[in-house]
S.K.: 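I am attaching a structure below and will ask some questions about it afterwards.
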Number of protein chains: 2
Amino acid sequence: MEENDRANVTGPTGIVMMNLGGPKSLEEVEPFLLKLFEDREIIQLPLQRWLGPFIARRRTKSVQQNYQDIGGGSPILTWTEEQGRGMCERLDSLSPATAPHKFYVAFRYIDPFSEDALRAMKRDGVKRAVAFTQYPQFSCSTTGSSLNELWRAAKRLGLQNEFQWSVIDRWPSHPRFIEAMTQTVREGLELFDQADRDDVLILFSAHSLPLSVINRGDPYPQEVGASVHDVMKRLGFAYEYLLCYQSEVGPVPWLGPSTEEVIKELGHKKRKNVLVVGIAFTSDHIETLHELDIEYGHLAEEVGIANFKRAPALNGEPLFQDALAELVQEHLASGEACSKQYGLRCPGCVNPQCRNLLNPVASYKRTQVSASPKNKLYPST
Amino acid sequence: MEENDRANVTGPTGIVMMNLGGPKSLEEVEPFLLKLFEDREIIQLPLQRWLGPFIARRRTKSVQQNYQDIGGGSPILTWTEEQGRGMCERLDSLSPATAPHKFYVAFRYIDPFSEDALRAMKRDGVKRAVAFTQYPQFSCSTTGSSLNELWRAAKRLGLQNEFQWSVIDRWPSHPRFIEAMTQTVREGLELFDQADRDDVLILFSAHSLPLSVINRGDPYPQEVGASVHDVMKRLGFAYEYLLCYQSEVGPVPWLGPSTEEVIKELGHKKRKNVLVVGIAFTSDHIETLHELDIEYGHLAEEVGIANFKRAPALNGEPLFQDALAELVQEHLASGEACSKQYGLRCPGCVNPQCRNLLNPVASYKRTQVSASPKNKLYPST
């Protein structure tokens, strides 16, 4: 285990916390959706340049209503900043050799964008930077898209040689993450009467993906499965549990079982006590506060699930800040550019930009870009 | 931890090793296929009573040819018996309070059938019996079907009150199983030249399932994901790896990515060193010896994968016999009837027979049978 060579590096260690982001106000809903439907790394539409904005604008009103229902905006920036502060405080004592540590938020579809993070890092004199995904499980459509955008943004700003990069690209079974997640499940279980607790069914729910992405070889479902299994192991497998997938949109087939269908079926099966756990996201967002709490809350009531509760998201949980700090500390101590797995492009990959790593801190190899004609889907940069 | 109350129990502890089975000779191919295509718990066909035998007979010749290619029959009985002997020897010293231990093989589609196992147990004076699935990861179409058949067979023989039952229904991440599986991967890695070893991509392959089964809520893919993750953790994530699914048949959509497609794509991506690992089966069978070694071996050659190897199946691996013995010992010591999870019928379950446990050794509760009209697919017994 070799610490970074601080002799050659000045300035703070910059940690870029990458996530989806969410509109902070109702006015930001439209620009957020426009960005989202423009991203071919998450959604592929025919005639995307025209159809994307069309769909985004058509959805704006109903999505605004959803944000209105949860208080007028997404709390993801507030939580990410609180998590970042806790992480950096802990890191400064865990890893004095790489101190000071500063975090920078880079959201994919709303400000602060990658550009904002990169400019602030330049201003702060950062030389050594860690791109740290805030998605525990890797998917090309989430972490992949965020990283590709980060490298593109650095090039757009002419900062491609400014920082020495490494990447924390996944952490589905990091013991402290699992501990923190298990803690939220325990808090969720306490929402039930003692007499009902033994009967609680734990419903892990993760954002779904189109089957076309799964069939390309995206590792997401197996890593989500690993997270679920490790949480249940920590709970001694003392509860019944299911893994299901939420938030499918559009006419293409998605990975199932669908959270909505599962809730209906559990109602038919006369289940009375269901605890939903968001396993693939680290703070509250529209999919927890609106889809799970409000929409599925109503659905559960309709189908007769008397006690339908949700485990709190990780949000300000101190154990989660411990996890973030340990992840970065272990990563910095390893001296590695990224996981071995990051370099492996999906077998059916159609995106030549995938799995890049700009100006890596250590040797980095990715699988060759396929010569297959399928590779024409994306313009190269 | 309470040992079984041996005061009330006489005779050996019977351990029923349940698995798919395979034809021991070319003559057994047709009866094997007839049984397989008759089982609505694994395959649902329209007009199954006519269409099942039709398909089975039509496939017999080509499947016979496959068995001919691998030496004239399936080695699964030989391996299961060797594993059973090793397990019982170890158990007699690990758990003297429940000794002697005797194993009984119960295959689903060929003899020895459940009836054979049950009759032999009766003859041997077994009272306390453990139904031990040999599928590490649970699926209703494998372990579920075997257990349902075991209870039906006991009733057919009038032996429904003869034995006190408990069930080992899954063990995807048992530490000793993971250790044994990792050992086979290490042996597979040694098949590559030292210089190539770093470049090896580990291709975990498991039998696929129709998406209709996944969408009902079958836990199989998440448990396979957990096994893969735990093996890779033990290998320090030092190799690139993928999980894919093999052996799809018929026109319905199956869980992907498909092993065959992945091999083609890896060829396009100029991968030269690929190690295939069967993660969901415990001995060699037609899907390893023919599909992986012969069919995909040819395919790999065609697409330019210079070194396409397969890790040995668990077969006679002593660590695996340790795992089997520990699994049974821990199970007997727990005093439990089965895992909490076994009682949970899939949300979309259409089979009222599922998740039964005949004459259980300890209290056992399963979720209620749905009143939904979908439940009419199976005749009840």
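Reminder, nothing fancy here: chain letters follow the sequence lines and each chain counts from 1.
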S.K.: Look up atom CD in B/Gln222 and atom CD in A/Glu223, then write down how far apart they are to the nearest 0.5 Å.
M.R.: 14.5 Å
S.K.: Flag the pair A/Leu255 / B/Leu211 as yes when at least one side-chain heavy-atom distance between them is below 4.5 Å, and no otherwise.
M.R.: no
S.K.: If you draw a 6.0 Å radius around CG in A/Asp198, do more than 12 non-hydrogen atoms from other residues or ligands fall strictly inside?
M.R.: no
S.K.: Restricting to ring pair (Phe, Tyr, Trp, His ring centres under 6.0 Å), what partner residues turn up for A/Tyr220, sequence neighbours left out?
M.R.: none
S.K.: Under 4.5 Å from any heavy atom of chain B, what part of A/Ile263 do you find: side chain, backbone, both or neither?
M.R.: neither
S.K.: Over all heavy atoms of both residues, which pair between B/Gly225 and A/Ala226 is shortest? Give the atoms and the distance, please.
M.R.: O-CB, 4.4 Å
S.K.: Just wondering, do A/Cys349 and B/Lys269 contact through their side chains at under 4.5 Å, heavy atoms?
M.R.: yes
S.K.: Where on A/Val262 is there a heavy atom nearer than 4.5 Å to chain B: the side chain, the backbone, both, or neither?
M.R.: both
S.K.: Provide the closest heavy-atom pair for A/Gly217 versus B/Pro257 in the form atom of the first, atom of the second, distance.
M.R.: CA-CG, 4.0 Å
S.K.: Applying side-chain contact (heavy atoms from CB on, under 4.5 Å), run through A/Lys365 and B/Asp199 and close with a yes or a no.
M.R.: CA-CA 10 Å; A/Lys365 184 191 132 212; B/Asp199 182 59; 3.3 Å; yes
S.K.: Could you list the donor-acceptor pairs under 3.5 angstrom formed by side chains in residues 229-245 of chain B, with sequence neighbours left out?
M.R.:
| from | atom 1 | to | atom 2 | distance (Å) |
| --- | --- | --- | --- | --- |
| B/His229 | NE2 | A/Ser173 | OG | 2.8 |
| B/Lys233 | NZ | A/Ser173 | OG | 3.3 |
| B/Glu240 | OE1 | B/Arg271 | NH1 | 2.7 |
| B/Glu240 | OE1 | B/Arg271 | NH2 | 2.8 |

